Amino acid sequence: MIVAASKDLRPELGAARDQGCRPTCCAFACSDLHAAARSPWAELSPEYAHFQGARRQCTGRGDGMRLRTMLDVLHHDGQPSELAWPYSRARDPYAAKWEPPPNVGELFRATARRVASDDVDAVRAAIDRGCPVVMVLAISEAFFFGGGDEGVIDSAEAVDGLRFHAVLAVAHGSHTGESVTLVRNSWGTSWGLNGHAWLTDRYLKPRLREWATLTKVT
């Protein structure tokens, strides 16, 4: 059964990207959140955002970033165009020296509001206002399959409190009478429906840990 979308922001964004084997989901979700707030759509550099996040956390390119850290990067450090420092999918965090190019050009900044809650209704209300939402989820095995042919993930699997992933909520609607939220992933267009999947409330609500929306871009 096809999902009936109530609000869908996908036309305002480009194609879903692929982070490869690196733990850069938060950099991708926040970069797309940031890019969506600017018109026309133009990809911003998740490589630069991840680099600045690692600097702030005193970690390396092989480590994941916290949402709070990435929002600090957007606000204080900003990020350039994707063309200024293109993303590398290389898995080896020690393969080469890691630092920005000498001149990355203009740095774009944004301020965000972060909420530590499982308030799915508030996420959908933000989407209704035209604002995508970064969500941090405790994902399970069902998530990796992208919801099959229908792209709907609905599972009663136990919540795994050790495996977290950041995605961008870009739409909501209904499926067989249940509310669903569409997420944009960073695992390439072969995952789900061209890089997106619908999450039922049964799946999403117990797994939603925190979320964020932008309040200002400069």
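Not measured: the values here are computed from a predicted model.
- Residues A169 and V123 approach most closely at CB-CG1, 4.0 Å, considering heavy atoms.
- For Y203 (side chain) and S140 (main-chain N/O), a donor-acceptor pair under 3.5 Å exists by modelled atom type.
- We find the CG-CG distance between L13 and D8 to be 10.0 Å, quoted to the nearest 0.5 Å.
- Closest non-hydrogen pair, G60 versus W98, comes out as C-CZ3, 4.0 Å.
- Other members of the hydrophobic cluster containing F108, listed by chain and number, are L44; membership follows side-chain contacts under 4.5 Å among ILVMFWY residues, whether direct or relayed.
- The cluster map of Ile, Leu, Val, Met, Phe, Trp and Tyr, joined by side-chain heavy atoms under 4.5 Å apart, puts W41 and L168 in the same cluster.
- Pairs of residues two or more places apart, or lying in two chains, that qualify as side chain to side chain donor-acceptor pair (under 3.5 Å) and include a residue from residues 14-37 are R17-E82, D18-R89, Q19-S186, R22-E47, T24-Y87, S31-Q79, D32-R184, H34-R38, H34-Q79.
- Contact of the H165 side chain with the N185 side chain is registered, since non-hydrogen atoms from C-beta on lie closer than 4.5 Å.
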side-chain contact (heavy atoms from CB on, under 4.5 Å) evaluation trace for E178 with D201: CA-CA 7 Å; E178 183 176 2; D201 277 6; 3.9 Å; yes
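- Separating the SG atom in C30 from the CG atom in L214 is a distance of 8.0 Å, to the nearest 0.5 Å.
- Within 6.0 Å of CZ in F145 there are 12 or fewer heavy atoms belonging to other residues, nucleotides or ligands.
- A heavy-atom distance below 4.5 Å is found between the side chains of V167 and F143.
- Follow the hydrophobic side-chain contacts under 4.5 Å out from M65 and you never reach V134; the two are in separate clusters.
- Atom OG1 of T200 and atom CD1 of I153 lie 9.0 Å apart (nearest 0.5 Å).
- A pairwise comparison of heavy atoms in V104 and P100 identifies CG1-CB, 4.2 Å as the closest pair.
- Although no hydrogens or angles enter the test, the distance criterion places no donor-acceptor pair under 3.5 Å between the side chain of E141 and the main chain of E157.
- Just one of T69, D77, D72 meets the side-chain hydrogen bond (donor to acceptor under 3.5 Å, both in side chains) condition when paired with R56; it is D77.
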side-chain hydrogen bond (donor to acceptor under 3.5 Å, both in side chains) between H75 and T111, worked out: CA-CA 5 Å; H75 182 69; T111 302; 3.0 Å; yes
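- Formation of a donor-acceptor pair under 3.5 Å by the S45 side chain with backbone atoms of W85 is found in this model.
- Under the 4.5 Å side-chain heavy-atom criterion for Ile, Leu, Val, Met, Phe, Trp and Tyr, L204 and F144 are members of the same hydrophobic cluster.
- The neighbour count for R113 CZ, taken as heavy atoms of other residues, nucleotides or ligands under 6.0 Å away, does not exceed 12.
- Atom SG of C26 sits about 12.5 Å away from atom CZ of F164, to the nearest 0.5 Å.
- One finds the CG atom of L67 at 12.0 Å from the CE atom of M135 (value rounded to the nearest 0.5 Å).
- Considering all non-hydrogen atoms of both residues, V133 and I127 come closest at CG2-CG1, 4.4 Å.
- Contact of the R124 side chain with the T181 side chain is registered, since non-hydrogen atoms from C-beta on lie closer than 4.5 Å.
- Considering CG of L74 and OG1 of T218, their distance stands at 10.0 Å, rounded to 0.5 Å.
- Taking the ring centroids of F28 and W187, they lie at or beyond the 6.0 Å cut-off.
- H50 is not listed as a side-chain neighbour of V73, based on a closest heavy-atom distance of 4.5 Å or more.
- A 6.0 Å sphere centred on CZ of R109 holds more than 12 heavy atoms belonging to other residues, nucleotides or ligands.
- Annotation: side chain of D118 is not in contact with side chain of P206 (no heavy-atom distance under 4.5 Å).
- Between the side chain of R202 and the main chain of L199, no donor-acceptor pair closer than 3.5 Å is present.
- At least one side-chain heavy atom of R10 sits under 4.5 Å from a side-chain heavy atom of L182.
- With hydrogens and angles ignored, the 3.5 Å screen pairs no side-chain donor or acceptor of E210 with any backbone N or O of R114.
- A continuous path of Ile, Leu, Val, Met, Phe, Trp and Tyr side chains, each step under 4.5 Å between heavy atoms, connects V183 with L208, placing both in one hydrophobic cluster.
- G64 approaches Q57 most closely through the heavy-atom pair O-NE2, 3.3 Å.
- Of all heavy-atom pairs spanning A212 and L71, the tightest one is CB-CD1, 3.7 Å.
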